[in-house]
Amino acid sequence: PESTDVLAAQVFQEPFFKNLKGEGMIFKIPFWSDYHTKYFIGGKKGVGTGRPIVHACLLIGCVGYTLEYLSHLQYLGHGRKHAHADGEAAH
């Protein structure tokens, strides 16, 4: 059997992998390039941080809450008085 290095070299010579070599398009955007350098590579210190994990969790939480709010939470009348005949707030 061939070694894994030889197999990996053969796989990475496939045409679809040749397009993946080099710098990704997202890193050509200044914000992403700076973010990658600062948090993944570690900037001048050379040590990455765990902040991207926190950022990803916050982003997922904000997107999830926004989707929940837009789907049904905006229609709930939390703390609003509803128009009833006796003028009392709904329970």
Side-chain angles (χ1 to χ4, degrees):
E2 296 182 57
S3 70
T4 55
D5 294 335
V6 174
L7 290 174
Q10 290 173 353
V11 169
F12 288 119
Q13 293 304 318
E14 295 293 327
F16 51 86
F17 277 109
K18 291 182 181 179
N19 293 332
L20 298 176
K21 292 181 181 177
E23 185 176 301
M25 288 188 65
I26 196 164
F27 294 114
K28 293 180 182 176
I29 300 171
F31 170 78
W32 291 111
S33 175
D34 295 342
Y35 186 86
H36 182 263
T37 302
K38 185 174 181 181
Y39 294 116
F40 286 95
I41 297 174
K44 295 177 182 176
K45 296 178 185 177
V47 178
T49 65
R51 283 190 178 181
I53 296 171
V54 174
H55 295 162
C57 291
L58 290 173
L59 177 68
I60 291 169
C62 289
V63 168
Y65 184 80
T66 301
L67 292 174
E68 287 293 318
Y69 179 81
L70 293 175
S71 65
H72 71 275
L73 291 177
Q74 67 182 344
Y75 301 114
L76 297 176
H78 298 292
R80 292 190 209 147
K81 291 187 177 186
H82 297 284
H84 293 283
D86 56 3
E88 292 181 17
H91 296 286

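Numbering starts at 1 and runs along the sequence shown. The model shown is predicted, which means the values in this text are computed figures rather than measured ones.
Taking both residues in full, the closest heavy atoms of T66 and C62 are given as OG1-O, 2.7 Å, listed atom of the first, atom of the second, then distance.
Residues L59 and L67 are members of one and the same hydrophobic cluster, defined by side-chain heavy-atom contacts under 4.5 angstrom among Ile, Leu, Val, Met, Phe, Trp and Tyr. Under the 4.5 Å side-chain heavy-atom criterion for Ile, Leu, Val, Met, Phe, Trp and Tyr, Y65 and L58 are members of distinct hydrophobic clusters.
Using a 30° and 60° split on the angle between ring planes, W32 and Y35 fall in the perpendicular class, above 60°.
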